[in-house]
Amino acid sequence: MIKFARLSPQRVAPPCVTRLGTDTDLPALRFVDPLMRADRDRMHLIQSSIEKRLCWLAADNDEVLGFAVSSLGNSGAAARDGHEVPRSGR
């Protein structure tokens, strides 16, 4: 997993939730990660990860606190469909 934004422990507390990012979250993601405004490749990566349902957000109500882009590869299909992805060796 690639961590794009720093979250302080004080900000990630209940009722903080994790959820998949959507296109409507892009303005908030630009605020959380100012590099998105300057780096087109980064912006494309994040937009693509949202389309592929690989961008996860930490949010408190409607406020996006941070995000991460999953790099699950082929096993990502199971995660996108809401199923647990088995780990190797189990």
Report the distance from atom [atom1] of [X] to atom [atom2] of [Y], rounding to the nearest 0.5 Å.
X	Y	atom1	atom2	value
Ile46	Asp41	CD1	CG	11.0 Å
Phe67	Leu29	CZ	CG	5.5 Å
Arg42	Leu35	CZ	CG	5.0 Å
Asp39	Leu45	CG	CG	9.5 Å
Cys55	Gln47	SG	CD	10.5 Å

(message) For a 4.5 angstrom cut-off between non-hydrogen side-chain atoms, does Val17 reach Asp60?
(response) no
(request) Would you check if Val32 and Leu65 make a side-chain contact, meaning some heavy-atom pair closer than 4.5 Å? (result) no
(request) Please identify each residue that fulfils side-chain contact (heavy atoms from CB on, under 4.5 Å) with Arg30, with sequence neighbours left out. (result) Leu26, Pro27, Met36, Arg37, Met43
(message) Run the side-chain contact (heavy atoms from CB on, under 4.5 Å) test against Thr18 and tell me which residues pass, sequence neighbours left out.
(response) none
(message) Between Asn61 and Glu63 (side chain of the first, backbone of the second, donor and acceptor by atom type, cut-off under 3.5 Å), is there such a pair?
(response) no
(message) I need the single residue from Val69, Thr24, Asp23, Leu57 that forms a side chain to side chain contact (heavy atoms under 4.5 Å, CB included) with Ile50. Which is it?
(response) Asp23
